[in-house]
Amino acid sequence: MLLSAAASATLLRCCSQAAKHASQHFPAKQHFLAASRLRLHCVKLQSTLPAQPQQLSSPIMPALEAEARKQFFVPLTTKVPSIECEKAFALLSDNEKQYVHHWTQASWAGGLITVLQTSPESPAIFVLLQNLFRHNTLAELEEIAKKKCGFSDDDWLAVKFYAAGVYHNMGNYVGFGDTKIVPEVAREQLHQLVLASGAHSKDTPLIEQLWAECGDRMYDLDNPRFRQLGLKPDGVTTYFSSNCDKKDAEIVKKFLVENEIDAYNSRVFKTVSEQGAVVYEIRHASSSTKGAVPVGKLKMNGEPVEFRGSKFVLTNGDYAPFMAEMASSLKEAVAVAANDTEKKMLENYIASFETGSLDSHKEGSRYWIRNKKPVVEGYIGFIETYRDPSGQRGEFEGFVAIVDKEKSARLNGLVDTAEHIISQLPWPTEYEKDKYLRPDFSELTVVAFASSGVPIGINIPNYDDIRQNEGFKNVSLGNIIAAALKSRPPQFISNEDHELLSKHESLVLEIQVALHELLGHGSGKLFEQQKDGSFNFDREAVKDFESGDVCSYYEVGESYDSVFGALASTYEECRAETVAIYLALLPDVLAVWGIQEKEADDIIFCIWLAMAVSGIKSMPYYIVEQEKWGQAHAQGRFAILRVMMEAELVTVTQTTGTDGKPDLLLKLDRTQIKTVGKDAIGNFLRRLQLYKSTANQEQAFEMMTEYTAFLPPQTEELLQWHAIAVARRIPKNL
């Protein structure tokens, strides 16, 4: 994707304006550049660039060893599979094709927000790459690199893979794992290429400014903070200004809960006066900076609100240029929408993007749920909270896809039996929703997906109040699943098990995704206090089935994300994965896919084996230095593996691979899956649902720590497994 010159200029102006704001907040020995804290509502579309910001030096740190640096490269063996959508697009009517086009334009305009959300230096890197590829062809750049800059074939390949990694992740930190990616070519060589490029000849001041803003930070791994995303001092984030830590995140959360404000489309900027007065600005994404838009109990009017010794101001106008472009493209889509429901959906999204009103986006999401069985499907906004260190703010995501009606029919067969299947989950009926809300479930052929990564299945919207009371939609991304299955070599299992898993892998993944999205994310009830003081459950009759005590609950203004915070995504993904393997044991579920009794045991074995192996494959996402996990799904899958091992259903042993290097071998006792396995996973699942329903974050945290931390007496063994898993890690496809 090449940006228009105007879009590149807008992104660059955002970088430059942000650098001024960044320099006000960073300690003298911190090196946070350019886009660190964005003030997009101040961006002027003037032709001249703001003055070069003062460059700050990095603290002196021990250099990261060469071997350790390798984990931050994009491996030169990474696969780049193609995504097929041409045939599905060709079957659309002219109006439908136009609708897809306008959705695509809106998604990619908003996708640039993801670049800004990823890291302080990501925008400058992105614009630098755009200019390099705009002013020279790949063949021309390769010739310059090899003849003028001394590049080897691998050096040039490393530059291309780094650029592909930045584009795929919409920034220089991976979307799945949140760790930094750096070029596998020397900084001096890459700088030589930049100086010798057509882009540098065309606009020398611009290119030199971009390199000054990102050249050092692009490579910096010596400061541990720069190796992964997170709040200071553990990582880098643009969801909070650089002077915010966990204490700041906590007081902001309490303010938002007190005033019944959801944080999805906002960021936090903290300023401290010379007298020590603290002001937190909660800035909402919108194209407009005008008006007093209602938000919770308050308004986005810039007026200070006192709270626990600090002042809070609510504003809008974050990411303004991109919000305006999105709104403009969606207005074009309204003209070719298929029905009134789609039009109202789009009109509410537009209102949200123009004003910053999350209520408008929620209303648009309600119309999206009601738009049953469309030909073209799309969703857009600030959706998933994985990358916000406090687990409340959404990363931008926009996609458009074409519904595969034939394959969707099978998924809707699962929907037809879902109410009966849900009743067989291992928790009391009081812990399930009062009324089954029949969702739409479609298999999609993705045309465009703008975010830091592309999932294989989605259950949205994520708003608790809508999901609990009005419903949701499930989508399985068929052409993404097909691409994900390409070129998967065997890992950590016997050749016999690999042959069986390979035979059924496509079906296994389809079943797992469907159960995860529809019945995993779609099941369970949250116990809540209503605004009028009543409750959505019988407080006298419903008990905590573990302790027998009266149940705790979500108070007014609280949500699952606000209560569980940084644990929320990990915990919910673990719960959904656990639901999937538990329900895969049911004949009624397998019957949806026409699986006969004679092959059912093989399919069940493969589903459970795939989950267990994914626990080993997840280990590289554990950050040993910080003793924490960097990815939600990975931590959840490792927890499930540990539950299986605790039940002695699974064993993992260290071996020597055929290459003579250390390896791991996982064995699953298929004879015990329906007995010992079902009991162990069922008990784990009951606890997962209990703590979620009752807002018991403390117990949930303790349980997840028990299963996923590298605790004694297994610390040394787990660290050995971790080292092996890292050494044998297969790169994710781009």
Side-chain angles (χ1 to χ4, degrees), residues 456 484-485 488-513 515-516 520 570 573-585 590 600-622 629 631-655 657 663-685 688 703-704 706-710 714 717-718 720-722 724-726 728-730:
I456 56 178
L485 288 173
R488 284 191 173 188
Q491 271 197 302
F492 310 128
I493 55 177
S494 67
N495 290 333
E496 181 183 0
D497 284 350
H498 176 67
E499 288 178 11
L500 184 62
L501 184 57
S502 296
K503 176 182 177 182
H504 299 294
E505 190 168 27
S506 179
L507 178 59
V508 163
L509 187 56
E510 181 181 334
I511 294 171
Q512 192 271 335
V513 170
L515 295 177
H516 175 111
T570 288
E573 294 303 334
C574 182
R575 195 185 70 88
E577 296 278 40
T578 309
V579 166
I581 62 171
Y582 184 84
L583 291 180
L585 298 172
L590 299 182
D601 284 348
D602 279 351
I603 298 299
I604 291 170
F605 173 72
C606 287
I607 290 172
W608 281 57
L609 179 65
M611 182 57 65
V613 173
S614 71
I616 295 291
K617 292 180 179 179
S618 295
M619 292 189 77
Y621 296 103
Y622 182 76
W629 287 84
Q631 212 289 322
H633 298 77
Q635 184 177 2
R637 290 164 185 165
F638 186 71
I640 295 170
L641 170 64
R642 295 293 299 278
V643 171
M644 291 181 177
M645 293 177 63
E646 182 181 61
E648 300 182 355
L649 180 71
V650 165
T651 60
V652 178
T653 55
Q654 293 190 45
T655 64
D663 205 347
L664 297 171
L665 179 64
L666 182 147
K667 293 184 178 180
L668 169 65
D669 185 348
R670 65 184 297 159
T671 67
Q672 300 295 313
I673 292 175
K674 294 181 180 179
T675 53
V676 172
K678 181 180 180 181
D679 288 345
I681 289 298
N683 289 333
F684 180 54
L685 188 51
L688 285 167
M703 180 175 69
M704 293 304 290
E706 173 189 349
Y707 284 115
T708 65
F710 288 16
Q714 293 180 293
E717 182 180 39
L718 291 175
Q720 291 172 357
W721 293 5
H722 179 271
I724 294 170
V726 168
R728 293 192 172 275
R729 182 178 187 175
I730 296 174

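All residue numbers in this chain count up from 1 along the given sequence. What you see below is based on every heavy atom in this structure, not just the backbone, and it leaves out hydrogens, waters and symmetry mates. Predicted model, so just to flag it, every value in this text is computed and none were measured.
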Please assess His498 against Gln491 for the test side chain to side chain contact (heavy atoms under 4.5 Å, CB included), listing each intermediate value before the final yes or no. CA-CA 8 Å; His498 176 67; Gln491 271 197 302; over 6 Å; no
Closer than 3.5 angstrom, by distance alone: can the side chain of [X] be matched with the main-chain N or O of [Y] as a donor-acceptor pair?
| X | Y | value |
| --- | --- | --- |
| Arg575 | Gly520 | yes |
| Gln631 | Ser618 | no |
| Trp608 | Ile581 | yes |

Can you see which heavy atom on [X] is nearest to which on [Y], and at what distance?
| X | Y | result |
| --- | --- | --- |
| Ile681 | Thr578 | CG2-CG2, 3.5 Å |
| Leu641 | Gly615 | CD2-C, 3.8 Å |
| Pro620 | Ala725 | CG-O, 3.7 Å |
| Arg642 | Gln714 | NH2-OE1, 2.7 Å |

Counting only heavy atoms not in Glu648, do more than 12 fall under 6.0 Å of its CD?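 No - once you tally the heavy atoms of other residues, nucleotides and ligands closer than 6.0 Å, there are 12 at most.
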Parallel, tilted or perpendicular: which fits the ring planes of Tyr622 and Phe710, with parallel below 30° and perpendicular above 60°?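 Plane angle under 30°, so parallel.
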Taking the six-membered ring for Trp, are His516 and His633 parallel (under 30°), tilted (30 to 60°) or perpendicular (over 60°)?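 The rings of His516 and His633 lie parallel, inter-plane angle below 30°.
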State plainly whether the residues Asp602 and Arg670 are in salt-bridge range, i.e. N to O under 4.0 Å.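 Answer for the salt bridge query: yes.
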